[in-house]
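Counting starts at 1 for both ligands and their atoms, in listed order. Computed from heavy atoms alone, side chains included, the values below leave out hydrogens, waters and symmetry copies. Because the structure is a prediction, the values reported are computed rather than measured.
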Amino acid sequence: MFCMECYHLSGLLWDAITEMDEHNRPIHTFQVCNVMEPNQNNWLRSNWISRQAAQKVYVELRFTLRDCNSIPWVSGTCKETFNLFYHETDEAHGVKFRPAQYTKIDTIAADESFTQMDLGDRILKLNTEVREVGPINRKGFYLAFQDIGACIALVSVRVYYKKCPFTLRNLASFPDTVPRVDSSSLVEVRGACVDHAEERDTPKLFCGADGDWLVPLGRCVCSVGYEEIDACRPGFYKAYAGNIKCSKCPPHSFSYGDASAICRCEKGFFRAEKDPPTMACTRPPSPPRNLIFNLNDTCLLLEWSPPSDTGGRRDLTYNVQCKRCGPEPDHCQLCEDELRFLPGPLGLTNATVTVMDFSAHANYTFEIESLNGVSDMSSRRNPATSQPQQSPSLVGTLKKDWASPNSIALSWQQPEQTTLPIIDYEVKYYEKVLKYSVYDSKAPSVIVSGLKPATWYVFSVRTRTAAGYSSYSPKYEYETTGDCKYLRPSTVLISSNMASDQGQVLVIVTAAVGGFTLLVILTLFLLITGSEYFTTYVDPDTYEDPTQAVHEFTKEIDPSRIRIERVIGAGEFGEVCSGRLRTPGKKEIAVAIKTLKGGYVERQRRDFLREASIMGQFDHPNIIRLEGVVTKSRPVMIVVEYMENGSLDSFLRQHDGHFTVIQLVGMLRGIASGMKYLSDMGYVHRDLAARNILVNSNLVCKVSDFGLSRVLEDDPEAAYTTTGGKIPIRWTAPEAISYRKFSSASDAWSYGIVMWEVMSYGERPYWEMSNQDVILSIEEGYRLPAPMGCPVALHQLMLHCWQKERNHRPKFTDIVSFLDKLIRNPSTVLKNFFLPESPGEEMDYPMFISVGDWLDSIKMSQYKSNFMAAGYNTLDSVARMSIEDVRRIGVELIGHQRRIISSIQTLHLQLLHEHEKGFHV
Ligand code: ADE
C-alpha cells in the first residue's frame with residue numbers, strides 16, 4: 001500500500017483504520033462511509049509513484065463496498081461506486097492536490113466475484129479490480145480515489161507494469177524488456193551471445209504485450225574450446241565453434257588446461273600443417289624393410305616392404321640415396337645425379353625403383369628412406385639398413401583348389417620355418433587392370449570371394465613373422481570363368497530358379513565386399529524384371545481447364561450412394577470422414593471421404609480436386625485407390641478406399657516392437673512397389689514419408705497424399721527453405737532442398753528415410769535435431785545409423801538410398817527386387833550377412849574393417865580411445881558388449897550409450913535371434 005493523503009473537499013474524510021483479519025493479523029485500510037449525507041466528495045490521494053521504464057501501468061484495487069440495501073434509512077444518499085483518477089507529473093514532491101488536474105480512469109463498482117472477509121462482526125465481500133493506466137509520458141503519477149457517498153474500505157492498491165523478463169535462449173541473453181503500449185505490436189530484441197559463444201544467425205526474440213517472449217530466431221553457438229555447459233575439461237578439446245560437445249583428445253595428443261581449442265601432440269608425435277585438429281598426432285615411419293635387389297643386364301631393380309610402422313599416416317613416400325665408394329669405405333660420394341632412376345629417386349609412392357646407367361667397376365650403396373608428412377618435423381631418420389635381415393621364409397607356388405565365376409580357393413605349402421613362428425599370411429590380389437586388395441589369412445589357404453566373372457586376377461602371398469614380412473611368392477594368375485548372364489544381360493533370359501541361384505552367389509559376395517555388391521545385386525534384378533508399365537502420368541496443370549482433367553480421370557459419384565459415418569481427421573481443405581459407398585450390383589464398401597469445406601474460392605476447389613485428378617490416373621495395389629468424386633453438388637468430395645489402420649507412422653508408434661523383421665520388410669516392399677509404379681508412370685511424389693502412407697487391415701501399405709506443391713502446403717513437417725520453398729527437410733534429398741531438383745531419385749532418398757522410420761517403429765528421423773542441423777550434418781556426410789534390431793542388409797539399402805550423388809541411388813525396381821529376395825529367402829541372406837559360417841569361425845562384417853571404422857560410421861569416433869583402452873579392439877569383442885560394458889568404458893551420455901548398443905545389436909544379437917525364429921510373416 002502506498003502512503004495515502006486524504007482530502008476532504010466536502011463532507012467527511014477517509015479514515016486510516018487498522019482492523020484484524022481472521023488470523024488476527026492487522027489489515028491497514030482506508031475507509032469512508034458517509035452514506036447518510038447527500039453530495040459527498042471525499043478524496044484520497046496516493047503519494048507520487050515513479051513510472052520507471054513503463055509506459056503502461058496496471059492498478060489492482062482490493063476493497064469492500066457495502067450494499068446500500070443492507071443499511072436502513074439511506075436510500076437517495078447511499079452510493080455503491082467510487083471513482084479512480086490519475087495525474088502525471090515529473091515532480092515527485094510539493095505538488096498541491098487540485099482535483100481538476102486529475103484524469104478519470106474509471107468508475108469502480110463491486111464485482112460479482114468476491115471472497116468473504118470477516119471484519120469483526122461484519123461479513124463483507126472483498127473485490128479485486130484491475131485497471132490499465134497509460135500511456136504515461138511523465139516521470140511519475142499520482143492516483144486518487146473519489147468517494148461520492150459509498151461505504152468503502154480500501155484494503156490494498158498494487159501498481160505494477162509488465163515486462164518480458166531477462167532470459168537465455170539459444171546461448172544468447174535477452175534483457176528485461178518492457179512491451180509496447182500498443183498491444184498489437186511486438187518489441188524486437190537482439191540477444192547478446194553469452195560468454196564463450198558466438199553469433200551464427202543474429203539471435204532475436206520478440207516481446208509481446210503480456211510480457212511473454214515470442215518467436216525465437218537465430219542463435220549463438222559455443223566458441224572453440226567450449227561446450228554448452230562448460231569449458232572443455234583437460235583431455236578434451238573443441239576445435240570448431242558450434243553446439244557440439246568437446247571431444248576427447250585424438251590419440252597421441254593431450255590438453256592440460258580447460259577450454260582447449262586443440263590438443264598438443266605428445267613428445268615424438270606431430271601434426272602436419274594441413275592435418276585437422278581432429279586427427280591423431282603422428283610420427284615419422286619406421287624404416288622400410290626387406291630391401292632386395294635384382295640385377296638384370298644394366299638395370300638394378302630395388303624392391304622393399306613398407307615400414308612396419310607408418311607412423312599413423314597414409315602419405316608414405318620413399319627417397320633413394322646412392323653412394324659410390326672408393327676402395328676406402330669412408331671415401332664415398334653421393335651419386336643420384338650420375339644415375340637414372342625410374343620413376344625417380346625421391347618421393348616414390350611404390351616400394352620399388354629401377355636404377356640404370358651405372359659406371360663400370362664402381363661400388364654402389366643404396367639407402368631407402370621412408371618418409372611421411374611429419375618427417376620434416378622430427379630428427380628421426382630411417383634409411384633402410386643395407387644389412388640383410390633374417391627375413392621370413394618365402395611361400396612357394398600357389399595352387400587353385402576350386403573356383404567359381406566370383407570366387408577362388410587357393411592354397412600353398414607352409415614354408416619350413418627356421419627361427420620365428422609364422423603369424424599369418426598376407427594374400428595380395430588384384431585385377432590385372434585395377435587396384436589391389438589384401439587379405440590376412442592364418443591358414444596356408446584362402447577363399448577370395450567377390451571377384452568379377454571373366455576377369456584376370458593376379459594373386460601372391462607372403463608370410464609374416466615377428467621379424468616382418470617375407471617377399472611375395474611368385475605370382476599366380478587366374479581368369480575367373482565367364483558369366484554370360486552377367487556380361488550380356490539383354491540377350492539372356494534367366495528363369496526364376498536360375499536367378500535365385502545367382503542370387504545366392506551374389507549374396508555371399510555382398511557379405512565380403514559390402515555396399516558395392518549391393519549395387520550388383522540390384523543391377524542384376526533390374527535386368528531380370530524389366531519394365532511393366534507403359535502409361536505415363538499427365539499433370540492436371542497442363543490442362544487449360546482443370547475441370548477437364550477432373551472429368552477425364554475421375555468418376556462422378558451420386559451423393560445418395562455415399563453414407564458418411566464419422567469424422568476421422570482434418571485435411572487442409574476440410575474434414576476427412578469414414579463412411580460407406582454403395583454401387584449398384586456390387587458389395588457396399590468402406591470408404592474415406594475428403595470434403596471441401598464451404599466458403600471456398602475457385603482456386604481452392606481446383607487445388608482440392610487436383611489430387612483426385614492425379615490419383616484417378618493410378619491403378620496399383622500399393623497406391624490409394626480413388627473411388628470417385630462429388631463435384632455436382634455440395635459439399636464437394638473425394639472418395640477413396642478406406643484404410644483401417646490409418647497412417648503408417650502412428651500405426652507403428654502404437655505397435656512398437658510388435659512385428660517381425662519380415663513383416664516390416666513386407667510393408668516396405670509394398671511401399672517400394674507403389675513407388676516403382678509411380679516412377680514408371682513418371683510421377684515424382686516429393687513428400688514420401690511414413691505419415692503419407694496408409695495401412696489397411698491386412699497390413700498392406702499404400703502411398704497416398706498426391707498433389708505436388710499442394711501436398712507440401714498441407715504437410716506440417718514442411719518448412720520454408722532460404723530459397724522460399726516449403727520442404728519436409730528430414731525426408732528430402734539434398735539436391736531437392738538446395739536447388740529443388742525433385743526426381744524419382746530424390747523420392748528414393750525419401751524412401752530410405754521411410755525405411756528408417758519403419759525399422760525404428762515410427763521414430764522421428766534425426767530425433768530432436770533442428771532442420772538446420774540436419775542439413776549441415778547430411779552435408780558433412782552423417783547418415784542415420786541402423787535402428788535397433790535392423791539387419792545390416794536393410795541399413796545398407798538405406799545408405800544406398802542416401803548417396804549424395806543421386807544417380808548412384810537404387811531405382812525403385814531394384815529396391816523391390818532386393819526386398820523380394822529378402823522375403824523369399826530371409827535365412828540365406830541374413831545368415832550370410834551376419835552369422836559365422838560355422839561355429840568358431842570369425843564373423844564376417846561386410847561394412848567395417850575395424851572398431852574405429854565402425855565408430856566412425858555411427859558418428860561415435862570420440863570413443864575410439866575408450867574402446868581401445870578397455871581392450872575392445874575387434875568387432876567380435878565389441879559384439880559381445882552389454883550396455884554396462886559400454887558405460888564402464890566411459891560412455892556417459894545416455895543417447896550415445898543407446899546409439900552404440902543399438903548398433904552393436906545390429907551387428908550381432910538381434911539377427912541371431914531373428915535367424916532362430918525362422919522369419920514367419
Ligand atoms: N485418413 C486419410 N485417408 C484415409 C483413408 N483412406 N483411410 C483411413 N484413414 C484415412
> Any idea which protein heavy atom is nearest atom 2 (C) of ligand 1, and the distance to it?
Replying inline: V576 CG1, 4.0 Å
> Which heavy atom of the protein is the closest neighbour of atom 5 (C) of ligand 1, given with residue, atom name and distance?
Replying inline: A592 CB, 3.4 Å
> Which is closest to atom 10 (C) of ligand 1 by heavy-atom distance: I624, I593, I568, V640?
Replying inline: I568
>> Is a donor from one side chain sitting under 3.5 angstrom from an acceptor on the other, for E757 and W731?
In response: yes
> Counting only N and O atoms by type, is there a donor-acceptor contact under 3.5 Å from the side chain of R219 to the main-chain atoms of P203?
Replying inline: no
>> Looking at R806 and D747, is any side-chain nitrogen of the basic one under 4.0 Å from a carboxylate oxygen of the acidic one?
In response: no
> For W756, is the NZ or CZ atom of R730 found under 6.0 angstrom from the centre of its six-membered ring and inside 45 degrees of the ring axis?
Replying inline: no
> Tell me, which protein residue and heavy-atom name are nearest atom 6 (N) of ligand 1, and how many Å apart are they?
Replying inline: E641 O, 2.9 Å
> How far is atom 8 (C) of ligand 1 from its nearest protein heavy atom, and which residue and atom name does that atom have?
Replying inline: M643 O, 3.1 Å
> What class does the angle between the rings of Y537 and F618 fall in, given that below 30° is parallel, 30 to 60° is tilted and above 60° is perpendicular?
Replying inline: tilted
>> Which residue and atom name correspond to the protein heavy atom nearest atom 3 (N) of ligand 1, and how close is it?
In response: L694 CD1, 3.7 Å
